[in-house]
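Step one of this worksheet: look at the structure below.
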Amino acid sequence: MPHLRFLTAGESHGKALVGILEGVPAGLPLDAAWVDRDLARRMQGYGRGARMKIEQDRVEFLAGVRAGETLGSPIALLVPNRDWANWEDVMAAEGTPGEARRRRVVRPRPGHADLVGVLKYARDDARDILERASARETTMRVACGAVARRLLDALGVSVGSHLVSLGGIVATPPRPLPTPLNDASDASPVRTLDPEAEAAMIARIDRARKEGDTLGGEIEVAVDGLPVGLGSHVHWDRKLDGRLAGMLMSIPAVKGVEVGLGFAAARRPGSEVHDPIVARPDAPRGAGFGREGNNAGGLEGGMTTGEPLVVRVAMKPISTLMSPLKTVNLDTGGEANAQSERSDVTAVPAMGVIAEALVALVLADAILEKCGGDSLAEVRANLDGYLVRLATRRSASAGDPAT
């Protein structure tokens, strides 16, 4: 069972989104402003739709936080939907079963959960499916992830992201990446670190909007400060790369995850892929060892190496097109154009913020697995003890010619 786990509930145009986050140690400083910052970042990005002008996401803690600190009990979070006022008669829980509601969706969108969902759950209105399948649900995942990020921050771990491609335009980010990473990427309307690519991406988004089309792209998440040895090689479900990939693939419209070189590693010889190991006494979280490069993306054998964790995530274009594709009418069985609802041209910049949140949740869980404790002080002491043991081992090895 994971040490840190979460559940979310709520529909896109329902009354609110709700989350339960369990496993956060007691004594972690936490206030709504910390979470609201990431909720606001999720709503930004050039190419977003009108929904972002309606919502002003703010979190409310219903349980698990008192006087600005976590209690060690489950944290209950609430984010109201301001748009509920315009949808109450459509989405209200009250009513007669089978009663026809306004805004029925009977023309399923290619690429969305609409058709498969109505068949699987025996519904005659795809709104019963799309409201939960909507990426609006990721609002609560970002809120839960912000709490996990707060824990990582308290333990010296930072998580950031930037956009590396959009609509086929590839950015050339600086290397090494700037720090703090998010301060630099958030300053761009598409969260890229390449000003030349930024201008081309904005023009590409404008063209897609005029054509009634949508765009996908890729983001990169980078994490600094991780200690060596999180995760494990001993079982498939404890390998950290598998846990990260599974979590990131659960983001709506995400179709690919790469760690380090990713697919490029399959096209190179081993001599150009594997990172030579070197002594690095100034790297305590790497036990005094380091790599000449980071093609592995900070993971080897399902475990962290002490190098920065680098993960890339690919998102397909949004399936709601203003120039809709062909589909069928579920009521008549005849040909039709797919449903068109209010939508973004692209949400790739926002997806980076979502990916950060989910990476933070996985990594916070991995740290609690390795350095567990009921309070932040205990987790910190356990982590410090682990790092001391690593340093002792390295010192002993360095002083023993036979080792």
Side-chain angles (χ1 to χ4, degrees), residues 157-179 181 184-185 192-194 196-197 200 216-234 236 238-249 254-316 348 352 355-356 359 362-363 366 390 394 397-398 403:
V157 178
S158 62
V159 183
S161 71
H162 62 108
L163 186 143
V164 295
S165 80
L166 195 153
I169 298 167
V170 179
T172 303
R175 300 292 180 183
L177 295 173
T179 56
L181 176 54
S185 58
T192 186
L193 303 175
D194 181 345
E196 186 174 336
E218 303 161 79
I219 62 92
E220 181 178 89
V221 178
V223 185
D224 287 316
L226 292 172
V228 64
L230 300 182
S232 178
H233 67 288
V234 302
W236 66 270
R238 294 180 63 188
K239 290 176 177 286
L240 198 56
D241 40 9
R243 289 152 68 176
L244 285 163
M247 184 70 85
L248 291 166
M249 285 292 290
V254 163
K255 288 299 181 182
V257 176
E258 293 184 321
V259 178
L261 279 180
F263 281 97
R267 299 186 286 269
R268 300 184 186 184
S271 58
E272 297 179 11
V273 170
H274 305 299
D275 304 305
I277 299 171
V278 296
R280 191 170 291 160
D282 62 344
R285 296 203 169 196
F289 298 97
R291 306 297 192 275
E292 287 187 350
N294 194 24
N295 291 335
L299 289 172
E300 289 178 339
M303 298 171 284
T304 54
T305 65
E307 297 292 326
L309 175 70
V310 180
V311 183
R312 279 178 297 280
V313 186
M315 181 183 192
K316 70 177 183 178
V348 180
E356 288 175 32
V359 167
V362 172
L363 295 178
L390 291 175
R394 173 61 185 157
S397 299
T403 301

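When reading the values below, keep in mind they use all heavy atoms of this one structure, side chains included, and skip hydrogens, waters and symmetry mates.
By the side chain to side chain donor-acceptor pair (under 3.5 Å) test, Ser165 is found to be paired with Glu218, residues two or more places apart in sequence or in another chain being considered. Partners of Val157 by side-chain contact (heavy atoms from CB on, under 4.5 Å), not counting sequence neighbours, listed by chain and number: Leu152, Val223, Leu226, Arg285, Ile367.
Ala296 and Asp275 make their closest contact through N-OD2, 3.0 Å (heavy atoms, listed as atom of the first residue, atom of the second, distance). In terms of heavy-atom proximity, Leu181 sits nearest to Ala222 at CD2-CB, 4.0 Å. What you find for Gly298 and Asn294 is that their closest heavy atoms are N-OD1, 2.9 Å. Heavy atoms only, all atoms of each residue included: Ala366 and Leu240 are closest at CB-CD1, 3.9 Å. Between Ala355 and Val313, the closest heavy-atom pair is CB-CG2, 4.4 Å.
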Under 3.5 Å, which donor-acceptor pairs link side chains of residues 257-265 to any protein atom two or more places apart or in another chain?
residue: Glu258; atom: OE1; partner: Arg312; partner atom: NE; Å: 3.4
residue: Glu258; atom: OE2; partner: Phe263; partner atom: N; Å: 3.1

Between Leu299 and Leu244, does a side-chain contact (heavy atoms from CB on, under 4.5 Å) hold up when you go through it step by step? CA-CA 11 Å; Leu299 289 172; Leu244 285 163; 4.0 Å; yes
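For the side chain to side chain contact (heavy atoms under 4.5 Å, CB included) with Arg280, the qualifying choice from Glu307, Glu292, Arg291 is Glu307, the only one to do so. Screening Leu163, Thr192, Leu177, Leu193 for a side chain to side chain contact (heavy atoms under 4.5 Å, CB included) with Ser185, the sole residue that qualifies is Leu193.
Separating the CZ atom in Arg243 from the CG atom in Leu363 is a distance of 9.0 Å, to the nearest 0.5 Å. In this structure, the separation between CZ on Arg238 and NE2 on His233 is 9.0 Å, given to the nearest 0.5 Å. The CG atom of Leu166 sits 12.0 Å away from atom CD1 of Ile219, with the distance rounded to the nearest 0.5 Å.
Without hydrogens or angle criteria, Asp194 side chain to Thr172 main chain gives a donor-acceptor distance under 3.5 Å. A donor-acceptor pair under 3.5 Å is absent between the side-chain atoms of Asp224 and the main chain of Ser158, judged by distance alone.
With hydrogens and angles left out, the side-chain atoms of Glu356 and Ser161 include a donor and acceptor closer than 3.5 Å.
Counting heavy atoms of neighbouring residues, nucleotides and ligands inside a 6.0 Å radius, atom CD of Glu272 exceeds 12 of them.
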